[in-house]
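Before any comments, here is the structure.
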Amino acid sequence: MNPGFWKGKRVFVTGHTGFKGGWLILWLKEMGAVVKGYSLSPPTTPCMFEESKVWLNVGSEEGDIRDFTHLRESIHGFKPEIVFHLAAQPLVRHSYIDPMETYSTNVMGTVYLLEAVKQVGGVKAIVNITSDKCYENREWVWGYREDEPMGGYDPYSNSKGCAELVASSFRQSFFNKETYGEHGCALASVRAGNVIGGGDWADDRLIPDMLKAFSQEASVEIRSPHAIRPWQHVLEPLSGYITIAEKLYEEGPEYAEGWNFGPREEDAKPVDWIVNRLTELWGAGASWYLSDGIHPHEAHYLKLDCSKAKMRLNWQPVWDLDTTLVKIVEWQKAWLAKEDMRQYTINEIKEYMTARAGIE
């Protein structure tokens, strides 16, 4: 990735009030981009958007990704060169409660975003963010490659597979490589694993649930202790998204395809490993217990094969899982100590950028 590339670039981000969107906005601003966000109001209280003052010096517009007219007007008025699409209903268990909202947001929201960009014109690069759960999960021990079939058992995972198919269709039908000289737009989809980091207060998510309980000296309920996930710090996949956007902008459709961004194989750990290590790092007041309830189906084993990103983008993870967990605990304790979390988060981004520059 090239931080100097972003100075003065006009970047439109959907879902900027969310956890991952907040980190992306701060990173883009740190590199000098001119940024506008379009999203619903922050999904939690507290939230990354407010606690780290993500809104500062950013054009922020509240709107539903499913409101096509409003979305199109927002894009038209800003005239972006690059679009990151993160707006989504992101929770597996909530998708069982409200599958219609999940599909309408994650599938039709993607349709509306891509159609708005097509109609407005002038955008050179679109990065469509989905999930590692977009793949048809066969519970096998090796990682999924970008050309594996889309699928998904639960409504959330399935909706992300559908969003991938939507992106593929728009890429072939309207942003085709053969007609790039006419439309000038390159579209890629990116898939990441279980993204974790400071500033995530989402409901029904392992790390946020643990930190909330630890902060209150309460014992946290844990389900599926043996489920294995590709855990990674939020800055890891974001670095991949940023790299892909640069490639799409500078080299066009040669990179307009699907991409995986996941951790090292040894960092695909079971839930109980995460729980025990985080409990140890937090220290006094941290404890957990195993749930004995019946829960909706969730994938047991899920890994990504990131060979393509390593070979073609020279991308690889920087922080291992233990470093990531240390960073999360330090971020949460800094927040509890009422530190300046905008500057704290920016400093963490700078530290990560330095580490990444050292391996590229």
Side-chain angles (χ1 to χ4, degrees), residues 9-15 24 38 65-66 68 71-72 75-76 79-88 103-136 144-152 157-192 237-238 240-262 304-309 311-313 315:
K9 292 291 190 300
R10 300 183 67 80
V11 187
F12 189 87
V13 180
T14 72
L24 177 60
Y38 180 96
I65 196 69
R66 297 166 293 184
F68 178 73
L71 176 63
R72 185 186 182 282
I75 294 172
H76 181 267
K79 296 179 173 54
E81 303 165 84
I82 298 168
V83 173
F84 289 95
H85 176 44
L86 288 86
Y103 279 105
S104 65
T105 301
N106 296 353
V107 184
M108 289 309 300
T110 302
V111 172
Y112 294 147
L113 182 279
L114 296 177
E115 177 64 18
V117 170
K118 176 173 73 71
Q119 289 189 16
V120 170
V123 173
K124 295 192 66 174
I126 310 170
V127 181
N128 179 49
I129 289 86
T130 63
S131 167
D132 61 338
K133 297 177 179 65
C134 68
Y135 294 108
E136 182 182 329
Y144 293 90
R145 296 179 179 177
E146 287 86 348
D147 58 357
E148 304 282 359
M150 297 293 108
S157 302
N158 190 269
S159 73
K160 287 300 188 176
C162 292
E164 284 285 353
L165 295 176
V166 166
S168 177
S169 177
F170 266 78
R171 184 186 301 117
Q172 295 176 78
S173 301
F174 309 113
F175 305 124
N176 194 284
K177 177 179 180 179
E178 303 303 321
T179 57
Y180 180 73
E182 299 173 20
H183 57 75
C185 184
L187 163 63
S189 275
V190 292
R191 305 140 191 179
L238 289 182
Y241 305 169
I242 288 169
T243 300
I244 281 294
E246 293 173 10
K247 294 291 188 182
L248 295 173
Y249 188 99
E250 294 182 325
E251 302 187 41
E254 294 304 315
Y255 293 85
E257 52 195 76
W259 296 88
N260 287 341
F261 296 101
L304 295 176
D305 183 329
C306 304
S307 302
K308 188 172 79 168
M311 291 179 64
R312 293 182 57 193
L313 302 175
W315 179 91

Around atom CZ of Arg145, are there more than 12 heavy atoms of other residues, nucleotides or ligands at under 6.0 Å?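 Atom CZ in Arg145 is not packed in, count stays at 12 or less.
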Shortest non-hydrogen contact from [X] toward [Y]:
| X | Y | value |
| --- | --- | --- |
| Tyr180 | Cys185 | CE1-N, 3.5 Å |
| Arg171 | Leu187 | NE-O, 2.9 Å |
| Glu146 | Tyr135 | CA-OH, 3.4 Å |
| Pro80 | Val123 | O-CG2, 3.5 Å |
| Leu304 | Ala192 | CD1-C, 3.9 Å |
| Ser157 | Gly152 | CB-CA, 3.7 Å |

What residue pairs, at least two apart or across chains, pass salt bridge (Lys or Arg N to Asp or Glu O under 4.0 Å) with a residue in residues 112-124?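 Qualifying pairs, neighbours excluded: Glu115-Lys118.
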Starting at [atom1] of [X], measure out to [atom2] of [Y] and round the result to the nearest 0.5 Å.
| X | Y | atom1 | atom2 | value |
| --- | --- | --- | --- | --- |
| Ile65 | His85 | CD1 | NE2 | 5.0 Å |
| Ile126 | Ile244 | CD1 | CD1 | 13.5 Å |
| Lys9 | Glu81 | NZ | CD | 6.0 Å |
| Asn260 | Lys308 | CG | NZ | 7.5 Å |
| Ser131 | Asn106 | OG | CG | 9.5 Å |
| Cys134 | Tyr144 | SG | OH | 10.5 Å |

Quick one: which of Lys177, Lys247, Arg312 gives a side chain to side chain donor-acceptor pair (under 3.5 Å) with Glu254?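 Only one of Lys177, Lys247, Arg312 forms a side chain to side chain donor-acceptor pair (under 3.5 Å) with Glu254, namely Lys177.
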Decide yes or no for [X] and [Y]: does some side-chain heavy atom of the first lie under 4.5 Å from some side-chain heavy atom of the second?
| X | Y | value |
| --- | --- | --- |
| Tyr38 | Leu71 | yes |
| Phe68 | Val111 | no |
| Ser168 | Met150 | no |
| Ile242 | Leu24 | yes |

Going by the angle between their ring planes, with limits at 30° and 60°, are Tyr255 and Trp259 parallel, tilted or perpendicular?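 If you compare the ring of Tyr255 with that of Trp259, the planes turn out parallel.
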Quick one: list whatever passes salt bridge (charged side-chain N to carboxylate O under 4.0 Å, His left out) with Arg191, sequence neighbours left out.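 Listed in chain order: Glu164.
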What pairs with Phe12 under ring-ring contact (aromatic ring centres under 6.0 Å, His included), at least two apart in sequence or on another chain?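 Applying ring-ring contact (aromatic ring centres under 6.0 Å, His included) to Phe12 gives none.
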